[in-house]
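Keep in mind that this is a model prediction, so the values were computed, not measured. Note that these values count all heavy atoms, side chains included, but never hydrogens, waters or copies made by symmetry.
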Amino acid sequence: MKPVPERPTIKKIAQISGYTIGTVDRALHNRPGIKPETRTKVLEVAHTLNYRVNKLASAMRRQRTLVFGAIFPKELHYFYDDVRRGFLDAVYRLRDFRVEPLLQECERLGRGEEEALTSLLRAK
């Protein structure tokens, strides 16, 4: 069995880049307070390590709810009912991570999708 590769962390990026954890955090989350060349170097190190921001961990730290939005057509309901149930089940399993569903319906595939997306974005 292959060992699971260690997930790169902000601390590891700070060690390699020579910057503080705070500076690395600001660079990775596009926050103000650092020079553009510093941000570039930090992002290069992060890219080299294949670092990805953990959105769920970020949401938990900020104590905000993470909303998963989906648009389902009313037509073809025999198929999309199963997809909708799967979506809601997945969100339910993430409830401890402050994840909530936000659903919109469109009339059918190719009709009403833009309006449904606009409505989702307005609801945030």
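- For the atom pair Ile10 CD1 and Thr23 OG1, the distance stands at 11.5 Å (nearest 0.5 Å).
- Taking Arg93 as the reference, Asp89 meet the salt bridge (Lys or Arg N to Asp or Glu O under 4.0 Å) condition, with sequence neighbours excluded.
- Between Arg26 atom CZ and Ile21 atom CD1 the span is 11.5 Å, to the nearest 0.5 Å.
- With values rounded to the nearest 0.5 angstrom, Leu94 atom CG is found 5.5 Å from Phe68 atom CZ.
- In this structure, the side chains of Gln104 and Leu117 stay at 4.5 Å or more apart for every pair of heavy atoms.
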Side-chain donor-acceptor distances from residues 40-50 under 3.5 Å, at least two apart:
{"from": "Thr40", "atom 1": "OG1", "to": "Pro36", "atom 2": "O", "distance (Å)": "3.0"}
{"from": "Lys41", "atom 1": "NZ", "to": "Ser17", "atom 2": "O", "distance (Å)": "3.3"}
{"from": "Thr48", "atom 1": "OG1", "to": "Glu44", "atom 2": "O", "distance (Å)": "2.9"}

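- Counting only residues at least two apart or on different chains, the salt bridge (Lys or Arg N to Asp or Glu O under 4.0 Å) pairs with a member in residues 109-118 are Glu107-Arg111.
- Here Arg85 pairs with Asp82 under the side-chain hydrogen bond (donor to acceptor under 3.5 Å, both in side chains) rule; sequence neighbours left out.
- Counting heavy atoms from C-beta outward, Leu88 and Leu103 have side chains that approach closer than 4.5 Å.
- Considering all non-hydrogen atoms of both residues, Gly69 and Phe87 come closest at C-CZ, 4.2 Å.
- Val24 and Ile34 are members of different hydrophobic clusters when ILVMFWY side chains are connected at heavy-atom separations under 4.5 Å.
- Checked against side-chain contact (heavy atoms from CB on, under 4.5 Å), Glu100 has the following partners two or more places apart in sequence or in another chain: Thr65.
- The two atoms that bring Tyr51 and Pro8 nearest to each other are CD1-O, 3.4 Å, heavy atoms only.
- Contacts of Glu105 classified as side-chain contact (heavy atoms from CB on, under 4.5 Å), with partners at least two apart in sequence or in another chain: Lys74, Arg84.
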